[in-house]
Amino acid sequence: MNKSFREKIYSITRRIPVGAVTTYGQIARLAGNDRAARAVGFFMKMNPFAPEVPCHRVVSADGSLTGYSAKGGLARKHQLLKEEGVVFKNGRIDLSVSRWKTGETENTGPF
DNA sequence: ATTTTGACTTAAG
DNA sequence: GCTTAAGCCAAAA
């Protein structure tokens, strides 16, 4: 059970359903440290499991996109989220709608 | 143990 | 709405 924080972070991020997004702070909170938002972003950059961990569903607290180490950069991230059904407003994500709700029934897909 | 880095967050002007 | 500053945490060297 000596699971490092990074394992928790990846585990949580991997659970994010399609069409939903979450913030670094939220993941940090689920991991047990609501102040580790920075560390979360740090692990995302390492992202040893590119397609396994949907890091593109992780955005800043304002709903704005920050970085994306995978190919395509932020442009790719923005496109992926848009394709998955995430609602964008003024170039930012509408967290009121697309924010991931933990414990909720998972969606079968974008549609 | 210390230092550096980073895809964060919040507060204040 | 934007910029600056400070706080915060974890991993690697």
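Below, each value reflects all heavy atoms present in this structure, side chains not excepted, and no hydrogens, waters or symmetry copies. Residue numbers begin at 1 in each chain, while the letters A, B, ... track the order of the sequences.
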Closest non-hydrogen atoms of A:P54 and A:R14, given as atom of the first, atom of the second and distance, are CD-CA, 3.7 Å

Taking any atom closer than 4.0 angstrom to a non-hydrogen atom of chain A, what span of DNA chain B does the protein reach, first nucleotide to last?
B:dT5 to B:dT10

Would you indicate what A:T23 reaches in the nucleic acid, counting non-hydrogen atoms under 4.0 angstrom: base, sugar-phosphate, or nothing?
sugar-phosphate

Touch check for A:F42, heavy atoms < 4.0 angstrom, all strands: base, sugar-phosphate only, or nothing?
base

Please say yes or no: joined through hydrophobic side-chain contacts below 4.5 Å, possibly via intermediate residues, are [X] and [Y] part of one cluster?
{"X": "A:M46", "Y": "A:I16", "result": "yes"}
{"X": "A:F5", "Y": "A:V58", "result": "yes"}
{"X": "A:Y10", "Y": "A:V59", "result": "no"}

Spacing of A:K8 atom NZ relative to C:dA11 atom C1', expressed in whole Å:
15 Å

Measuring from [X]:[atom1] to [Y]:[atom2], what's the distance to the nearest 0.5 Å?
{"X": "A:L81", "Y": "A:L65", "atom1": "CG", "atom2": "CG", "answer": "5.5 Å"}
{"X": "A:I93", "Y": "A:S64", "atom1": "CD1", "atom2": "OG", "answer": "8.0 Å"}
{"X": "A:R92", "Y": "A:S98", "atom1": "CZ", "atom2": "OG", "answer": "14.5 Å"}
{"X": "A:E84", "Y": "A:R57", "atom1": "CD", "atom2": "CZ", "answer": "4.0 Å"}

Mind jotting down which residue pairs meet the side-chain hydrogen bond (donor to acceptor under 3.5 Å, both in side chains) criterion with at least one end in residues 24-35 of chain A? Sequence neighbours excluded, please.
A:Y24-A:T66, A:Q26-A:R99

Is DNA chain C part of any stem, that is, at least 3 consecutive Watson-Crick or G-U pairs with both distances under 3.5 Å, and where?
B:2-6 with C:9-13, B:8-13 with C:2-7

Between A:A61 and A:V40, which has a closest nucleotide on DNA chain B that is more 5'?
A:V40

Mind jotting down which residue pairs meet the ring pair (Phe, Tyr, Trp, His ring centres under 6.0 Å) criterion with at least one end in residues 51-87 of chain A? Sequence neighbours excluded, please.
A:H78-A:F88

So, with a heavy-atom separation below 4.0 Å from DNA chain B, the residues of residues 29-38 of chain A are A:A37, A:R38

Name every residue in residues 87-97 of chain A that has at least one heavy atom under 4.0 Å from any atom of DNA chain B, in order of residue number, or write none if there are no such residues.
none

Of A:I27, A:L30, A:V40, which meets side-chain contact (heavy atoms from CB on, under 4.5 Å) against A:T13?
A:I27

When you compare the side chain of A:T102 with that of A:R15, does any pair of heavy atoms fall below 4.5 Å?
no

How about A:L80 and A:V86: do any of their side-chain heavy atoms sit closer than 4.5 Å?
no

